[in-house]
2 protein chains.
Amino acid sequence: MLLSKACIYGVRASLYMALVYHKDSYISIRDMSQKLDISFHFLTKILQQITQAGLMHSYKGPNGGINLSKNPREITIIEIIDAIDGLDVFTECVIGLPGCGKNKPCPLHEKWAIARQELQDMFENTTLHEMAFNSKKLNLRLSNEFSIKELID
Amino acid sequence: MLLSKACIYGVRASLYMALVYHKDSYISIRDMSQKLDISFHFLTKILQQITQAGLMHSYKGPNGGINLSKNPREITIIEIIDAIDGLDVFTECVIGLPGCGKNKPCPLHEKWAIARQELQDMFENTTLHEMAFNSKKLNLRLSNEFSIKELID
DNA sequence: TTTATTAAAGACTAATTTGTCTTAAATATA
DNA sequence: TATATTTAAGACAAATTAGTCTTTAATAAA
């Protein structure tokens with residue numbers, strides 16, 4: 001698995017946030033957890049990491065919740081990954097040799113260095129807005145249970 | 001982490017086997033575990049999975065051990081990965097949605113499907129022989145402690 | 001046949017990740 | 001101010017992965 005479960009949930013939640021984005025309103029974590037079928041408490045902890053990384057804001061109390069701290073055009077998937085799993089997967093040796101790199105390469109280094117860079121580029125060049133836009137246009141899927149249209153309602 | 005620790009150790013062990021490959025001699029697991037600095041018992045269990053997958057043979061008793069069941073030119077990295085982690089990483093949705101695919105794609109599906117296919121191709125097109133050959137030629141590294149030359153001795 | 005050497009098998013422990021639950025803190029509204 | 005609603009925090013439990021240890025089985029060689 002490239003991304004941890006926590007990270008996967010974080011990305012799904014971020015895409016959801018972009019989908020229903022309104023600059024000045026908060027999304028309830030409880031609502032989102034039901035829509036995305038993710039455990040409420042687990043999702044809460046994951047969103048805490050994301051807010052602590054500065055990507056979202058939270059607000060307590062009635063009508064409180066979470067919102068994106070920037071326009072979804074300005075947030076890329078890799079920022080979410082960074083907040084939860086970190087970026088080690090894009091720098092580490094594929095067979096786990098410490099210090100593997102240009103100077104002391106492992107046998108797979110040359111090929112893997114290219115592949116992991118492409119992965120990193122992919123996540124760096126993908127904004128939440130782009131994904132949300134495509135999702136609406138093509139009715140893509142962010143939940144096993146609900147269609148995008150049902151998620152937005 | 002793309003590959004589990006067990007899988008990483010399995011790949012390292014396989015590369016080592018290719019490096020010291022002689023058609024008719026067995027490599028002791030204890031020796032290999034010391035050379036590669038992998039726990040002997042853990043490595044034993046991993047090699048059992050690989051032998052059960054038919055990629056290696058084992059032989060008990062004095063001068064027993066493990067050998068490759070095919071020429072290293074005919075074994076690719078993906079066969080090792082398949083024996084230990086399975087190939088799910090090359091077919092699954094990057095954000096974990098069951099059933100994600102051409103018909104019911106998630107927002108990242110299109111990009112991820114390309115990336116994961118490239119990863120799969122990379123592992124499929126990389127033989128143990130090629131890696132071992134390059135390792136000797138370029139003195140690449142398979143252990144944190146020993147150089148290739150020391151490993152071969 | 002006895003002994004030493006090796007892998008196989010499986011029980012066990014430790015560490016990490018995933019998920020749950022309870023309480024506290026902040027806030028809006030009546 | 002009192003109450004309801006919401007996130008924050010942290011203890012806890014379950015599941016998975018990683019790693020260790022002991023015993024058994026196979027084999028070679030003395």
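A note on names: the letters A, B, ... follow the listed sequences, proteins ahead of strands, and every chain is numbered from 1.
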Separation of atom [atom1] in [X] from atom [atom2] in [N], rounded to whole Å:
X       : N      : atom1 : atom2 : result
B:Ile66 : C:dT5  : CD1   : P     : 19 Å
A:Leu47 : D:dA8  : CG    : C1'   : 12 Å
B:Ile38 : D:dG19 : CD1   : C1'   : 12 Å
A:Asp85 : C:dT16 : CG    : P     : 15 Å
A:Ile50 : D:dT7  : CD1   : P     : 14 Å
A:Leu43 : C:dT18 : CG    : C1'   : 13 Å
A:Ile46 : D:dG10 : CD1   : P     : 17 Å
B:Ile29 : C:dA8  : CD1   : P     : 6 Å

Given [N], is OP1 or OP2 found less than 4.0 Å from the side-chain N or O atoms of [X]?
X       : N      : answer
A:Tyr9  : C:dT18 : no
A:Ser58 : D:dT6  : no
B:Ser39 : D:dA18 : no
A:Gln48 : D:dA9  : yes

How about A:Lys111 and B:Thr126: does a side-chain donor come under 3.5 Å of a side-chain acceptor?
->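 Indeed, the side chains of A:Lys111 and B:Thr126 share at least one donor-acceptor pair under 3.5 Å.
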Side-chain touch A:Asn139/A:Ser147, heavy atoms, less than 4.5 angstrom =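 Side chain of A:Asn139 against side chain of A:Ser147, heavy atoms only: contact under 4.5 Å found.
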Kindly work out whether a path of hydrophobic side-chain contacts (I/L/V/M/F/W/Y, heavy atoms less than 4.5 Å apart) joins A:Val11 to B:Ile114.
->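 As far as the 4.5 Å side-chain criterion goes, B:Ile114 and A:Val11 are not connected within one cluster.
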Same hydrophobic cluster for A:Leu128 and A:Leu140, using side-chain heavy-atom links shorter than 4.5 Å among ILVMFWY?
->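 Hydrophobic grouping puts A:Leu128 apart from A:Leu140.
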The side chain of [X] is closest to which nucleotide in this list: [options]?
X       : options                : value
A:Lys60 : C:dA8, C:dA9, C:dA25   : C:dA25
A:Lys45 : D:dA4, D:dA28, C:dT20  : C:dT20
A:Ala6  : D:dA26, C:dT18, D:dA18 : C:dT18
A:Phe42 : C:dC21, C:dT18, C:dT29 : C:dT18

Determine, step by step, whether B:Arg12 and A:Leu97 satisfy the side-chain contact (heavy atoms from CB on, under 4.5 Å) criterion, reporting the C-alpha distance in whole Å, the side-chain angles of both residues, the deciding distance to 0.1 Å, and the verdict.
-> CA-CA 10 Å; B:Arg12 283 198 225 161; A:Leu97 289 185; 3.6 Å; yes
Starting at the 5' end of DNA chain C, which residue's closest nucleotide do you reach first, B:Arg30 or A:Gly61?
->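 With B:Arg30 and A:Gly61 compared, the 5'-side residue is B:Arg30.
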Minimum heavy-atom distance between A:Cys93 and A:Trp112, given as atom pair plus value |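 Taking every non-hydrogen atom into account, C-NE1, 4.2 Å.
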Remember a base hit wins even if backbone is also touched, and classify B:Gln52 as base, sugar-phosphate or nothing at under 4.0 Å, heavy atoms.
->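 Sugar-phosphate, no base atom in range.
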Residue pair B:Tyr59/A:Pro62 against DNA chain D: nearer the 5' end by closest nucleotide is A:Pro62
On DNA chain D, check which nucleotide each of A:Thr44 and B:Met1 is closest to and give me the residue with the more 5' one.
->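 Nearer the 5' end of the strand: A:Thr44.
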Do B:Lys5 side-chain and D:dG19 base share a donor-acceptor contact under 3.5 Å?
->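 Check fails, no donor-acceptor contact within cut-off.
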